[in-house]
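Numbered from 1 within each chain, the chains take letters A, B, ... in sequence-line order. Since the model is a prediction, treat every value here as computed from it, not as a measurement.
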Amino acid sequence: MRLLYFAWLRERLGRAEEEIALPSSVRTVGELMTWLGKREVPGGALFGESGVIRAAVNQELVGPETRLREGDEVAFFPPMTGG
Amino acid sequence: MRERVVVRIESGDFDPGAEFRLLCERTAGAGGIGSFVGIVRGEAGGRAITAMTLEHYPAMTERAVRAIAEEAQRRWGLLGATVVHRVGRLVPGEQIVLVMAAAAHREPALAATSFLIDWLKTKAPFWKKEHFADGTAAWVAAQAADEAAAARWR
């Protein structure tokens, strides 16, 4: 599964994207964030700070209950600040 | 049939007068056009800004902005709308975003214009980073006031 990161999340993680093998225990966006939050990587703990990181699956904003499928493009980012 | 909603995401500058004339041409019969142009400010929290960088999610941005513009079109029965949002590096005084809404009467035109800019701030994948005169830079924090402004259109 392809993961993309933007803005300060990208900077804190030190990468703009990565490929991961989805563990079978991870079925939803929220579960993926919990799993990512437990990884021992710089900035990983940001995923555990609930309510901060937003997600999009296949370029659509989604909530934590959204189901994941192999091949999805999942993006994580801070609250948006356009306009 | 002419497109009701025109959306562009680009790094270059735009000409509000030219966009206005194009919107007029494709919305014959409109009674009014509301518009808003955002401009990069020269300071934030009392600190001088030398530049602003707008990051975005290229695969998602245009689709998300178009969905917002089509939502405005549906809600207020707009005859047409134009949204241009710049990305990349901008300096103070530069134009950053343009929204225009054409409707039969002023109320829907003005309400739709407010809606468009409120939702662009909180629901489209853009992130601003401010570069300060002392060489430091910081990501702009999402403002509760912007969330509240977007929430009033729910």
Side-chain angles (χ1 to χ4, degrees), chain A residues 1-20 22 28-30 32-33 36 41-83, chain B residues 7 9 36-41 44 52-68 71 83-87 90 95-99 113-130 137-150:
Chain A
M1 175 170 284
R2 187 167 181 234
L3 305 185
L4 304 178
Y5 308 115
F6 292 94
W8 53 252
L9 183 63
R10 168 179 58 73
E11 290 183 348
R12 297 276 296 276
L13 292 168
R15 66 190 93 176
E17 60 178 275
E18 65 180 314
E19 283 285 337
I20 59 156
L22 199 63
T28 67
V29 168
L32 175 58
M33 291 177 74
L36 290 169
V41 298
L46 291 166
F47 287 102
E49 293 168 19
S50 62
V52 177
I53 304 299
R54 310 292 163 90
V57 173
N58 300 327
Q59 302 91 42
E60 296 273 358
L61 287 175
V62 296
E65 71 293 341
T66 301
R67 286 263 178 174
L68 294 169
R69 282 185 298 238
E70 197 51 54
D72 281 345
E73 177 177 286
V74 183
F76 292 107
F77 40 79
M80 295 159 278
T81 55
Chain B
V7 168
I9 312 300
F36 176 87
V37 176
I39 296 166
V40 179
R41 280 190 307 263
M52 172 176 277
T53 309
L54 263 135
E55 180 170 330
H56 72 130
Y57 178 2
M60 175 176 172
T61 316
E62 183 167 338
R63 197 203 305 186
V65 174
R66 182 169 293 280
I68 291 168
E71 176 73 18
V83 179
V84 183
H85 205 304
R86 294 179 67 191
V87 293
L90 303 172
Q95 303 178 129
I96 183 166
V97 61
L98 164 87
V99 307
T113 300
S114 289
F115 166 88
L116 282 166
I117 196 68
D118 285 346
W119 274 34
L120 278 176
K121 276 189 174 292
T122 56
K123 296 178 191 293
F126 297 103
W127 300 273
K128 288 179 184 144
K129 189 179 201 176
E130 291 168 335
W139 291 96
V140 172
Q143 300 293 317
D146 289 337
E147 287 289 343

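Taking A/Glu11, A/Arg54, A/Gln59, A/Glu60 one by one and counting their heavy-atom pairs under 4.5 Å with chain B, the maximum is reached by A/Gln59.
Heavy-atom neighbours of A/Arg15 CZ from other residues, nucleotides or ligands within 6.0 Å: above the threshold of 12. Heavy atoms of other residues, nucleotides or ligands lying less than 6.0 angstrom from CZ of B/Arg66 number more than 12.
Heavy atoms of B/Lys128 lying under 4.5 Å from chain A belong to its backbone as well as its side chain. Proximity to chain A (any heavy atom under 4.5 Å) is restricted, for B/Ala141, to the backbone atoms N, CA, C and O. Using a 4.5 Å cut-off between heavy atoms, A/Ala56 contacts chain B through its side chain alone, with no backbone atom that close. Residue B/Ala64 does not touch chain A at all, counting heavy-atom pairs closer than 4.5 Å. Contact annotation for B/Gln143: neither backbone nor side-chain heavy atoms come within less than 4.5 Å of a heavy atom of chain A.
Using a 4.0 Å cut-off between charged nitrogen and carboxylate oxygen, B/Lys123 and B/Glu71 do not count as a salt-bridge pair.
The shortest side-chain heavy-atom distance between B/Val65 and B/His85 does not fall under the 4.5 Å cut-off. The shortest distance between side-chain heavy atoms of A/Arg12 and A/Tyr5 does not fall below 4.5 Å.
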